[in-house]
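Down below is the structure, laid out as C-alpha cells.
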Amino acid sequence: MTFVIKGEAGVLKGSMMVPGDKSIAHRAILFAALAEGVSVFRGFPRGADNLSTISAVRALGCKVEEVEDRIEVYGKGREALRAPKEPIDCGNSGTTARLLAGLLAGSNIEATLVGDESLTRRPMERIAAPLRTMGAKIETSAPGGTLPMVIHRAPIRNNRIELTVASAQVKSAVLLAGLGAKGRTEVEEPFPSRDHTERMFAEMGADIEYRPCHAALEGPVESLKPLSIQIPGDPSSAAFFVCLAAMIPKSEVQILGVLDNPGRSGYLKILERMGAKIQKKNLRSVGGEPVIDLVVHGGELKCTDINAPEVPSCIDEIPILSVVMTQADGQSTVSGARELRVKEADRITGMLEGLSKMGVECDEFEDGFTISGPNPLLSAELNGLGDHRLVMSFAIAAVLAKGESTIKDASAVAISFPGFASALQQLGVQITQS
C-alpha cells in the first residue's frame, strides 16, 4: 500500500480519539490468561500486534472472545495453561514474543516462539539471558540470539536482576517469570522505564512493590484477579497528531482519553520545552493508570536535546519528534538512543534518509542524530521500510511539505493504527491510499 499526501495543510481544528494503548493491551490479554475469572476490555486496539497476543493466548488453551465493543478473556489460572501443539506465531510483535517468554518460563510450559521476517531479525537474547539466571532453559537462534526461541520446561527460581539497559519488556518478562518462583524476584534498571506491568499486577492482586528503576514481586502467585477496564488511548498514536498540531500555527486539536503514564509522556515534556502549548484536562484513573484529554495549540518552536536518561520515556516517539525538530529554530540532538536501530527497521538511518530527501540538514551517529532547523520541507518519494512509526512520521512530514509526497510500504500502519489515514482526513488532510 502507498500513501499519497498533498502537503501545505492549512490550520487544523478538531477533536479526535486514538486507538487503545498497545502496550497496556498486550499486558491485559497475557495477564488475564493467568487470572481466575472473566476479564473484560473495552477500547481494545485491533492492530496486528495486539491480535498476535490474542492468538498466542488462545494457543495456550485460554478462551478469548471478541464481543461487539469488547474483548473477553476466560482465565482459569496459570496451572490451566497448556503447551501449544504448534509454534506460537508472534507476527511482527516484539512485545508479544518477549513478554510471552517470561510467562512461559514462569508457568513451566514448553513452547517455540516464531515471527515474521522483521521480528526474526530482532534481538531476543536480552530476554533469554536474565531468564536463564532464574533457571529457565531457553534456546535462541542465530549468533545474535533471535527467533525461533524455544522455552523448555524447567523449574524457575527467584533472583535479583540488574539490567544494563532500561527496558520495560525485559523487566516485564522477569516479573512474569517471577510469578512462578518461590520468594522475592527483583529488577533494577539504570533509568526508569514504563511501569504498566507493575500497575496492572497491583490491580490484579499480586504482591508487588515498585518505584522508578526498581520492582519487586513475591511469588509464587498462582492466579491473579480478573480485570475489567477501558483501554486508554495510546500516547504513541496520539503523538503524531499532537506533533502535527504543534507545528502548524493557530491550529487547535483536542485528543480525548489519552494515557498519561509518566513512563510514556516524555514526548509531551520535550514538546513543551520546545515551546509547544499543550493543555492537560480531565485527569482520571483507569485500571490504575492516569488518563487525560489533551488540547494542543500550534506555534513557534525552538530546538532541544534528548539524551540517554530521557530516551526510555519517549523511545517510540523519537521518529515523530525528529520531524518536529525540522521545524524548530536551531540544532536539536538525540543521543543514547541506539535501541532505535533494532526496531522493525533501523529507525535512525531510515528516518534521516527520508528527511534528507525532504531537504532537511541532519547528521547521523551511532546512538542518535542531529537536525538543524527550521527547514521548509520538500515533497518526496519515501519508503516506510515496513515500520509503522516511520510510515506515520513521514506522513506527518508530508502534510507540512510543499507539493505531493508518496510513502511506500504504508501497509505497516496496520500494526498499531489501522485507521491512521482516516484520522488525518478528519482533520482536513488530503491523503489517499493505493
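The chain is numbered in sequence order, starting from 1.
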### Task
Show the numbers, then the answer: is there a side-chain contact (heavy atoms from CB on, under 4.5 Å) between Leu377 and Gln327?
CA-CA 9 Å; Leu377 298 180; Gln327 303 306 298; 3.6 Å; yes

### Query
Which atom names give the shortest non-hydrogen contact between Leu131 and Ala177, and what distance separates them?
CD2-CB, 3.6 Å

### Among Lys408, Arg347, Lys343, the one residue meeting salt bridge (charged side-chain N to carboxylate O under 4.0 Å, His left out) with Asp387
Arg347

### Query
So do the side chains of Ile270 and Ile306 get within less than 4.5 Å of each other, counting heavy atoms only?
yes

### Within-4.5 Å side-chain heavy-atom neighbours: Leu244 and Leu12
yes

### Message
For Thr185 versus Gly178, what's the shortest heavy-atom pair and its separation?
### Response
OG1-CA, 3.5 Å

### Message
Checking the side chain of Gln254 only, and the main-chain atoms of Met16 only, is there a donor and an acceptor separated by less than 3.5 Å?
### Response
no

#### Entry: Check: Leu268 main-chain N/O paired with Ser265 side-chain donor or acceptor under 3.5 Å
no

#### Entry: Carboxylate-amine/guanidinium contact Glu339 Arg126, below 4.0 Å
yes

### Query
Any side-chain heavy atom of Met351 within less than 4.5 Å of one from Phe394?
yes

### Task
Might you work through the side-chain hydrogen bond (donor to acceptor under 3.5 Å, both in side chains) test for His196 and Glu289, ending with a clear yes or no?
CA-CA 8 Å; His196 303 313; Glu289 295 277 0; 2.8 Å; yes

### Task
Verify whether one side chain among Ser434 and Thr2 offers a donor that lies under 3.5 Å from an acceptor in the other.
no

### Query
Can we call the ring centroids of Phe420 and Phe241 under 6.0 Å apart?
yes

### Query
If we ignore angles and hydrogens, is there a donor and acceptor under 3.5 Å between the side chains of Ser251 and Lys13?
no

### Gap between atom CE of Met325 and atom CG of Asn375 - 0.5 Å precision
13.0 Å

#### Entry: Non-hydrogen side-chain atoms of Val391 and Phe3 separated by less than 4.5 Å
yes

### Message
Does any part of the side chain of Cys62, heavy atoms only, come nearer than 4.5 Å to the side chain of Leu60, both counted from C-beta?
### Response
no

### Message
The criterion is side chain to side chain donor-acceptor pair (under 3.5 Å); which residues satisfy it with Glu72, sequence neighbours excluded?
### Response
Arg70, Tyr74

### Task
Ignoring hydrogens and angles, tell me if any N or O in the side chain of Ser322 forms a donor-acceptor pair with the backbone of Pro319 under 3.5 Å.
yes

### Query
Stepwise, does the side-chain contact (heavy atoms from CB on, under 4.5 Å) test hold for Ile292 with Asn282?
CA-CA 6 Å; Ile292 55 170; Asn282 193 20; over 6 Å; no

### Query
Does the pair Lys280/Asp293 count as a salt bridge with the N-to-O cut at 4.0 Å?
no

#### Entry: Closest approach of Ala56 to Ile88 (non-hydrogen atoms, all atoms of both residues)
CB-CG2, 3.6 Å

### Query
By side chain to side chain donor-acceptor pair (under 3.5 Å), which residues pair with Asp195, not counting sequence neighbours?
Arg199, Asn261

#### Entry: Distance-only polar pair, side chains of Glu381 and Ser405, donor-acceptor under 3.5 Å
no

### Any Glu209 side-chain heavy atom under 4.5 Å of Glu218 side chain
no

#### Entry: Separation of Lys402 NZ from Met358 CE (nearest 0.5 Å)
13.5 Å

### Message
Can you confirm whether the side chains of Ser172 and Thr197 place a donor and an acceptor under 3.5 Å from each other?
### Response
yes

### Message
Looking at Gly115, is its backbone amide N or carbonyl O close enough to the side chain of Thr120 to form a donor-acceptor pair, meaning the two atoms are under 3.5 Å apart?
### Response
yes

### Query
Is it true that a side-chain atom of Arg78 and a backbone atom of Gly106 form a donor plus acceptor pair closer than 3.5 Å?
yes

### Query
Are any non-hydrogen side-chain atoms of Val258 and Val291 less than 4.5 angstrom apart?
no

### Message
Main chain of Ile431, side chain of Gln425: is a donor-acceptor contact present, judged purely on distance under 3.5 Å?
### Response
yes

### Query
Given Met17 and Ile255, is the side-chain contact (heavy atoms from CB on, under 4.5 Å) satisfied, shown in steps?
CA-CA 5 Å; Met17 297 182 71; Ile255 308 173; over 6 Å; no

### Query
Can you tell me if Asn158 uses its side chain to pair, donor with acceptor, with the backbone of Ala181 under 3.5 Å?
no

### Query
Hey, what do you get for CD (Glu361) to CD1 (Ile371), rounding to the nearest 0.5 Å?
10.5 Å

### Lys22 with Asp234: basic N within carboxylate O range, under 4.0 Å
no

### Message
Would you compute the distance between atom CG of Leu100 and atom CG of Leu113 and round it to the nearest 0.5 angstrom?
### Response
5.0 Å

### Query
What do you reckon, is CD of Glu8 surrounded by more than 12 foreign heavy atoms closer than 6.0 Å?
yes

### Task
With the side chain counted from C-beta on, respond yes when Arg122 and Asn92 share a heavy-atom pair under 4.5 Å apart, and no when they do not.
yes

### Nearest atoms (heavy-atom pairs only) where Ala128 meets Ile138
CB-CG2, 3.8 Å

### Task
Look at Glu162 together with Lys171 and state whether they make a salt bridge at an N to O cut-off of under 4.0 Å.
no

### Query
What distance separates Glu353 CD from Ile348 CD1, expressed to the nearest 0.5 Å?
12.0 Å

### Query
For Gly91, does its backbone N or O pair with a side-chain atom of Asp89 as donor and acceptor, under 3.5 Å?
yes

### Query
Should Arg341 and Glu364 be marked as a salt bridge (Lys or Arg N to Asp or Glu O under 4.0 Å) after you check the CA-CA gap, both sets of side-chain angles, and the distance that decides it?
CA-CA 12 Å; Arg341 294 197 182 277; Glu364 174 181 347; 2.9 Å; yes

### Query
Who passes side chain to side chain donor-acceptor pair (under 3.5 Å) against Arg389, sequence neighbours left out?
none

### Task
List the atom of Leu390, the atom of Gly384, and the distance in Å for their closest heavy-atom pair.
CB-O, 3.7 Å

### Message
Keeping Ser332 on the side-chain end and Thr304 on the backbone end, is there a donor-acceptor pair under 3.5 Å?
### Response
yes

### Task
Apply side-chain contact (heavy atoms from CB on, under 4.5 Å) to the pair Phe417 and Ser237, showing each step before the final yes or no.
CA-CA 7 Å; Phe417 200 160; Ser237 296; 3.7 Å; yes

### Query
Is any side-chain N of the basic residue among Lys302 and Asp329 closer than 4.0 Å to the acidic one's carboxylate O?
no

### Query
Does a donor on one side chain sit under 3.5 Å from an acceptor on the other, for His388 and Glu344?
yes

## Note on the structure
What one should report as the nearest heavy-atom pair of Ser93 and Ser52 is CB-CB, 4.4 Å

### Task
Identify which one of Ser167, Ser23, Ser313 satisfies the side-chain contact (heavy atoms from CB on, under 4.5 Å) criterion when paired with Arg194.
Ser23

### Query
Can you tell me how far the CZ atom of Phe44 sits from the CD atom of Gln230, to the nearest 0.5 Å?
12.5 Å

### Query
Is Thr370 reaching over with its side chain to a backbone N or O of Cys362, donor-acceptor style, under 3.5 angstrom?
no

